[in-house]
There are 2 protein chains.
Amino acid sequence: MPYNYNNMFSKSCEYGLRAIIYIAQQTAQDNKVSLTTISDAIDSPQAFTAKVLQQLTRNEIVKSIKGPYGGFVIEHEKMDVVKLSDVVAILDGDSIYTGCGLGLKKCNENSPCPLHFKFIEIRNQLKKMLETTTLAMVVKDMDTETFFLKR
Amino acid sequence: MPYNYNNMFSKSCEYGLRAIIYIAQQTAQDNKVSLTTISDAIDSPQAFTAKVLQQLTRNEIVKSIKGPYGGFVIEHEKMDVVKLSDVVAILDGDSIYTGCGLGLKKCNENSPCPLHFKFIEIRNQLKKMLETTTLAMVVKDMDTETFFLKR
DNA sequence: TTTATAACGGATAAGTTTGTCTGTTATTAA
DNA sequence: TTAATAACAGACAAACTTATCCGTTATAAA
């Protein structure tokens, strides 16, 4: 098994999060951004990123505008409403922060796997972080720290 | 994208962890267990589990014994030495608890991605948990709580 | 020494994710 | 109304993970 490394999120989700953060940041400055601009800014495969953005569009996380001068924006009222967990749930599902670490479907508080109480803390912390972080919060943070979305 | 759900670990790693925990528990009772017994106990595809166990054997996490009355055991002195992180590192690599949440290779303390300081806490906690939990500890816990490694 | 057993190793197949290509649809400006 | 632009949609392809199959090797017991 040659290529075995496993990230927290799938590529779809990584690109989706990076894209949404970039769009949010641009939206906050009243810029509308095209797919080309986005995939260039976050260094992701363009056509694949298009698919990911389509999903986020269908789920009304972003708004897409067709035609010349079109692109993607996030409606202002969404900035405080959309959480990282919304994006992750759409693209990867929620099993990363709700499922059992050993992949056991029936594992729970009452009949726990041997690692249940080791994992529950971490999963809950991840869950809490994703569910309490809005796009507005991420964008606000980006004012202060060095901005970085490539490679 | 129809089948997108993402667990913390790959299937290889899930099976590997379940297998090693089962073997450790049996070893603690001086039982040697065969592949058939293992894959039956942890409800995993037998041939695939064999491959995973081969990797763990090559990396000297478990000891395999060929021939009749053969099987897998964990040498007693290993029980306090082998950590969950060792198994995970072999089967999935360590990027789940060392890599950037957005998949950015150059992301670090000095040039952080917008979510770096949100993720670092969680990753460190996961890292710490995996690196400080030995097989002996897991087996010991299993005395008290309900034992559960299937489905 | 033979036979049965159980792990090992390589090849192959099936399933899923990741990525590309090509044409279509909507919309803006000229 | 036409031409250009940019998102959309579906098909297709490549890469990787998951899973199976089958013959080989080591070893214990008869």
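Here is the naming used below: chain letters follow the sequence lines, and residue numbers restart at 1 for every chain.
For the ring-ring contact (aromatic ring centres under 6.0 Å, His included) condition, the pairs that include at least one residue of residues 5-29 of chain A, sequence neighbours left out, are A/Phe9-B/Phe119, A/Tyr15-A/Phe48.
Looking at heavy-atom distances under 4.0 Å, B/Ser10 makes contact with sugar-phosphate atoms alone, never a base. Across all strands shown, A/Thr36 has no heavy atoms under 4.0 Å from either base or sugar-phosphate atoms.
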>> For a side-chain hydrogen bond (donor to acceptor under 3.5 Å, both in side chains) check, start with the C-alpha distance between B/Asn6 and A/Ser10, then their side-chain angles and the critical distance, and finish with the verdict.
In response: CA-CA 7 Å; B/Asn6 204 45; A/Ser10 70; 5.5 Å; no
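Residue A/Leu53 contributes atom CG, which lies 15 Å from atom C1' of C/dG19 at whole-angstrom precision. Rounded to whole angstrom, the span from the CZ atom of B/Arg18 across to the P atom of D/dT18 amounts to 13 Å. Rounded to whole Å, the distance from CD on B/Gln55 to C1' on D/dT17 is 12 Å. The CD atom of A/Glu14 sits 10 Å away from the P atom of C/dG19 (whole-angstrom rounding). Distance CG (A/Asn6) to C1' (C/dT17): 12 Å, rounded to an integer number of Å. Atom CD of A/Glu60 and atom C1' of D/dA7 are 17 Å apart (whole Å). Counting to the nearest Å, the C1' atom of C/dT5 and the CZ atom of B/Phe72 are 13 Å from each other.
Between B/Arg58 and the phosphate of C/dG9, there is a side-chain N or O to OP1/OP2 separation shorter than 4.0 Å. Distances shown here put every side-chain N or O of A/Ser34 at or beyond 4.0 Å from the OP1 or OP2 atom of D/dT5.
Taking CG of B/Leu56 as the reference point, atom CZ of B/Arg58 lies at 10.0 Å (rounded to 0.5 Å). The distance from the CD1 atom of A/Ile122 to the CG atom of B/Leu130 is 6.5 Å, given to the nearest 0.5 Å.
Considering only residues two or more places apart in sequence or on other chains, B/Lys83 meets the salt bridge (charged side-chain N to carboxylate O under 4.0 Å, His left out) condition with none of them. B/Asp40 pairs by the side chain to side chain contact (heavy atoms under 4.5 Å, CB included) definition with nothing, not counting sequence neighbours.
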>> Walk along nucleotides 19-28 of chain D from 5' to 3' and tag each nucleotide B, S or - by protein heavy-atom contact under 4.0 Å, base first, then sugar-phosphate.
In response: BB----BBBB
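Axis orientation changes by 0° from one end of the helix from C/dT1-D/dA30 to C/dA30-D/dT1 to the other, with each end axis drawn from 5 pairs and the value rounded to 10°.
With no hydrogens or angles considered, no side-chain donor-acceptor pair links B/Ser39 and B/Thr49 at under 3.5 Å.
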For residues 63-80 of chain A, which side-chain donor-acceptor pairs fall under 3.5 Å, sequence neighbours excluded?
from, atom 1, to, atom 2, distance (Å)
A/Lys78, NZ, A/Glu60, O, 2.6

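Other residues, nucleotides and ligands contribute more than 12 heavy atoms inside 6.0 Å of the CD atom of B/Gln46.
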